[in-house]
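The structure appears right after this line, and notes come after that.
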Amino acid sequence: THQWRGIIEEYRDRLPVSDTTPVVTLREGGTPLVPAQVLSERTGCEVHLKVEGANPTGSFKDRGMTMAITKAKEEGAQAVICASTGNTSASAAAYAVRAGMVSAVLVPQGKIALGKMGQALVHGAKILQVDGNFDDCLTLARSLSENYPVALVNSVNPVRIEGQKTAAFEIVDMLGDAPDIHVLPVGNAGNITAYWKGYKEYAGDGVASRTPRMWGFQASGSAPIVRGEVVKDPSTIATAIRIGNPASWQFALAARDESGGFIDEVTDREILRAYRLLAAQEGVFVEPASAASVAGLLKAAEQGKVDPGQRIVCTVTGNGLKDPDWAVAGAPQPVTVPVDAATAAERLGLA
Ligand code: F0G
């Protein structure tokens, strides 16, 4: 009887809803803030992981999608559309089911993880694989929403940002104040925009005494904000953040500059190292894009940019099961044994 009610009910007075708004929810949010022991030791800081893979569809997108679909329903929409590298489409498809709506999703052909494709399919989305990258998909989705009866639920829709800002509220509510530093992966730059908005709101109302410095990390092959120019053919193994022209670019720069933070890049090798460390040493299985925040923290620590003793939160944005190929790749094949305890014990190194 006391389960978490979802972000709209939990933060109703800070979101653009009224008593008559038809709330569409899967009880998203209320995700674990997990102390990261190994990362804390490595950095000399108090590091926490905000585990957004624990959301109903396995990523932070659910926070924004409960708002976007709720508002679309309130406005009488019967169909929604999004461009996606996979997680937004999985979330849109699930929430559209809850709302009794049709969902259409545009994904870059061959560049979305299998688990995410499976989610969109099983939730009955109409899927088009676009012969182009995410940026092309977004251009197409915008055009369709302007010319046809279908509501756009990408993070260029401001209610998405409203929903996603609740993650910052939860962190302050749990820690008692804002952390010193907040670290995020950056793709289309909606999430860093949302966290910054949430932290500013809480500090403005005196719920928190301060705001954190915002540190964002892009993948090296897809780092337009770091480079200061659009990347025409973005590449990275972290397909979720394979984006060359982020829609919320200017808001990300504002978050960086107003907070006294920075936006840097991490290589695919650094991402995979952090991905394996999180799973093997912290017990937290995330998808590769999510590990960009932790890879960035470790890079910054190696560069001497992390003063000891600080309180740091890294958001890990999506569940590792979304993209299991990277967990299996390079790992040894499990050995097969007969139903025999002596052999099994020997193979397990117990005997
Ligand atoms: N991490 C994951 C797992 C993501 O799916 C995304 C974005 C990001 C980080 C970056 O967040 O775009 O707000 O800067 N995924 C979008 C999608 C683009 O379509 O699912 P951002």
Side-chain angles (χ1 to χ4, degrees), residues 29 31-55 58-61 63 87 164-175 177-187 189-196 198-199 211-219 238 240-241 252 255-256 259-267 270-303 305-320 322:
T31 55
L33 187 65
V34 178
Q37 230 172 326
V38 171
L39 292 172
S40 295
E41 278 163 27
R42 287 246 187 132
T43 56
C45 290
E46 179 193 315
V47 182
H48 301 262
L49 301 169
K50 183 65 169 157
V51 183
E52 290 290 276
N55 275 298
S59 85
F60 71 96
K61 304 291 182 179
R63 295 177 184 276
N87 281 323
Q164 285 173 215
K165 76 183 179 186
T166 59
F169 297 163
E170 288 176 20
I171 289 163
V172 174
D173 290 345
M174 288 184 220
L175 294 177
D177 205 342
D180 296 295
I181 298 167
H182 193 109
V183 193
L184 285 161
V186 174
N191 214 26
I192 194 169
T193 301
Y195 271 84
W196 183 235
Y199 280 126
T211 53
R213 277 171 283 149
M214 302 297 295
W215 290 5
F217 290 92
Q218 302 195 289
I241 52 172
R256 178 194 71 185
S259 75
F262 63 81
I263 296 175
D264 194 9
E265 62 191 275
V266 283
T267 64
E270 289 167 326
I271 289 172
L272 285 173
R273 207 185 300 141
Y275 166 85
R276 297 204 180 278
L277 182 152
L278 280 169
Q281 298 191 54
E282 298 287 6
V284 177
F285 184 26
V286 305
E287 63 170 290
S290 306
S293 57
V294 171
L297 173 63
L298 291 172
K299 178 182 174 184
E302 276 159 30
Q303 292 173 331
K305 290 183 187 166
V306 183
D307 294 331
Q310 302 192 85
R311 188 177 254 182
I312 301 174
V313 176
C314 294
T315 297
V316 283
T317 45
N319 196 298
K322 297 263 191 182

* Using a 4.5 Å cut-off on heavy atoms from C-beta on, say whether the side chain of V47 contacts that of S40. =>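 SC-SC contact between S40 and V47 confirmed.
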* Asked: Within a strict 4.5 Å, meaning less than it, do heavy atoms of the Y195 and K50 side chains meet?
  ->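 The answer is yes; the side chains approach within 4.5 Å.
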* **Smallest separation among heavy atoms of S293 and V316, with atom names** =>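 Shortest heavy-atom contact: OG-CG1, 4.1 Å.
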* Asked: Can you list the residues that meet the side-chain hydrogen bond (donor to acceptor under 3.5 Å, both in side chains) rule with E287, with sequence neighbours excluded?
  ->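 Testing E287 for side-chain hydrogen bond (donor to acceptor under 3.5 Å, both in side chains), a comparison that skips the adjacent residues, returns N87, K116.
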Got a donor-acceptor contact below 3.5 angstrom from the [X] side chain to the [Y] backbone?
| X | Y | value |
| --- | --- | --- |
| N55 | G29 | yes |
| K322 | P288 | no |
| E282 | V38 | yes |
| S290 | T317 | yes |
| D180 | R311 | yes |

* To do: Show your working on side-chain contact (heavy atoms from CB on, under 4.5 Å) between H182 and I171 and close with a plain yes or no.
  => CA-CA 10 Å; H182 193 109; I171 289 163; 3.5 Å; yes
* Would you please name every residue forming a ring-ring contact (aromatic ring centres under 6.0 Å, His included) with W215, sequence neighbours left out? =>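 Once residues adjacent in sequence are excluded, the partners of W215 under the ring-ring contact (aromatic ring centres under 6.0 Å, His included) criterion are F262.
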* To do: Applying side-chain contact (heavy atoms from CB on, under 4.5 Å), run through T31 and V51 and close with a yes or a no.
  => CA-CA 6 Å; T31 55; V51 183; 5.5 Å; no
* Is the number of heavy atoms from other residues, nucleotides or ligands within 6.0 Å of CD (Q37) greater than 12? ->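 Open.
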* Asked: Could you state the interatomic distance from CZ (F169) to OH (Y199), rounded to the nearest 0.5 Å?
  ->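 With rounding to 0.5 Å, CZ (F169) is 11.0 Å from OH (Y199).
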* **From CD1 (I181) to OG1 (T43), nearest 0.5 Å** =>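 Answer for the CD1-OG1 pair, I181 versus T43, is 9.0 Å.
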* Derivation and outcome, side-chain contact (heavy atoms from CB on, under 4.5 Å), residues L298 and R273 -> CA-CA 10 Å; L298 291 172; R273 207 185 300 141; over 6 Å; no
